[in-house]
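Quick caveat, the model's predicted, so the values are computed rather than measured. Numbers restart at 1 for each chain; the letters A, B, ... are given by sequence-line order, proteins then strands.
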Amino acid sequence: MPILTQEFFARPTLTVARDLLGQRLVRDLDGQRLSGLIVETEAYIGPDDTASHARMGRTDRNAIMFGPAGVAYVYFIYGMYHMLNIVTDQPDFPAAILIRALEPLTGQTAMQAHRQKNNRPLKPINLTNGPGKLCQALAIDRRLNHFPITQGHTLWLEPGDPLPDQAIAAGPRVGIDYATPECVAAPWRFWIKGNRFVSKR
DNA sequence: GGATCGATCGGCT
DNA sequence: GCCGATCGATCCG
């Protein structure tokens with residue numbers, strides 16, 4: 001099975017954010033294959049993006065965004081959730097793409113086990129329709145921070161069917177009210193039109 | 001259906 | 001000491 005390579009990610013971030021839609025994210029967990037189609041992404045671009053973790057310059061946490069493309073940036077937020085990002089563009093230009101939602105494909109039983117709290121079954125729609133949810137479903141945490149996703153093991157991407165521009169929508173990013181008005185308004189969130197697993201409709 | 005709010009902790013000022 | 005690239009429970013209609 002072909003794998004998306006570093007060249008795919010080392011391009012302008014908006015291009016990569018659009019092109020990631022429809023690709024298949026694969027997580028290998030002790031030989032078990034959990035996977036889903038990427039249906040929603042968000043771009044965080046450059047030192048002047050006041051919504052980005054890189055807005056205050058380089059720190060220990062965000063230094064990875066200044067490094068080579070094709071590695072996972074996984075961080076912990078709100079005291080309980082993880083977010084999966086992929087570093088893009090060229091070194092020394094801080095940029096990354098947040099994976100916001102998946103359409104579950106293989107391994108849905110395991111995703112259920114990772115996601116459910118009590119013993120109550122979870123509706124399939126709630127497995128991976130949000131950035132915190134998909135990390136929980138695929139067992140992605142800080143141990144995968146800095147992991148190169150171009151190696152074809154543990155965590156990687158496989159090409160899906162190309163999507164026509166007509167199938168893709170763009171709009172403002174979510175949860176960044178602290179940013180400047182221009183950055184809040186920038187249409188740097190992308191999703192597949194009409195897909196049920198997009199986090200906000 | 002929508003609005004509101006608490007959980008919970010690491011990173012940064 | 002503050003606050004967040006979120007989620008789910010709860011309350012209201």
Under a 3.5 Å threshold, yes or no: a donor from one side chain and an acceptor from the other, between [X] and [Y]?
X: A:Thr50; Y: A:Arg55; result: no
X: A:Tyr73; Y: A:His53; result: yes
X: A:Arg100; Y: A:Ser199; result: yes

Tell me the interatomic distance from [X], atom [atom1], to [N], atom [atom2], rounded to whole angstroms.
X: A:Asp177; N: C:dC3; atom1: CG; atom2: P; answer: 14 Å
X: A:Asn62; N: B:dT13; atom1: CG; atom2: C1'; answer: 15 Å
X: A:Arg201; N: B:dG1; atom1: CZ; atom2: C1'; answer: 15 Å

Tightest non-hydrogen contact, residues A:Leu84 and A:Val74, listed as CD1-CG2, 3.9 Å

What's A:Arg142 touching, base or sugar-phosphate or nothing? Going by heavy atoms closer than 4.0 Å. sugar-phosphate

So does [X] pair up with [Y], basic N to acidic O under 4.0 Å?
X: A:Glu40; Y: A:Arg196; result: no
X: A:Asp165; Y: A:Lys193; result: no
X: A:Asp161; Y: A:Arg24; result: no

Taking A:Gly57's backbone N and O only, do any of them form a donor-acceptor pair with A:Asn62's side chain (distance below 3.5 Å, no angle check)?
yes

Under the criterion of centre distance below 5.5 Å and interplanar angle below 30°, is A:Phe76 classified as stacked on the base of B:dG10? no

If one requires at least 3 consecutive Watson-Crick or G-U pairs with distances under 3.5 Å, the stems of DNA chain C turn out to be B:1-7 with C:6-12, B:9-12 with C:1-4

Quiz item: So does A:Arg61 get a side-chain nitrogen or oxygen closer than 4.0 Å to the phosphate oxygens (OP1/OP2) of B:dC12?
Solution: yes

Between the protein and nucleotides 6-8 of chain C, which nitrogen or oxygen pairs come in under 3.5 angstrom?
{"unit_1": "C:dT6", "atom_1": "OP1", "unit_2": "A:Arg100", "atom_2": "NH1", "d": "3.2"}
{"unit_1": "C:dC7", "atom_1": "OP1", "unit_2": "A:Pro131", "atom_2": "N", "d": "3.2"}
{"unit_1": "C:dC7", "atom_1": "OP1", "unit_2": "A:Gly132", "atom_2": "N", "d": "2.9"}
{"unit_1": "C:dC7", "atom_1": "OP1", "unit_2": "A:Lys133", "atom_2": "N", "d": "3.2"}
{"unit_1": "C:dC7", "atom_1": "O4'", "unit_2": "A:Tyr81", "atom_2": "OH", "d": "3.0"}
{"unit_1": "C:dG8", "atom_1": "OP1", "unit_2": "A:Arg115", "atom_2": "NH1", "d": "2.9"}
{"unit_1": "C:dG8", "atom_1": "OP1", "unit_2": "A:Arg115", "atom_2": "NH2", "d": "2.7"}
{"unit_1": "C:dG8", "atom_1": "OP2", "unit_2": "A:Lys133", "atom_2": "NZ", "d": "3.4"}

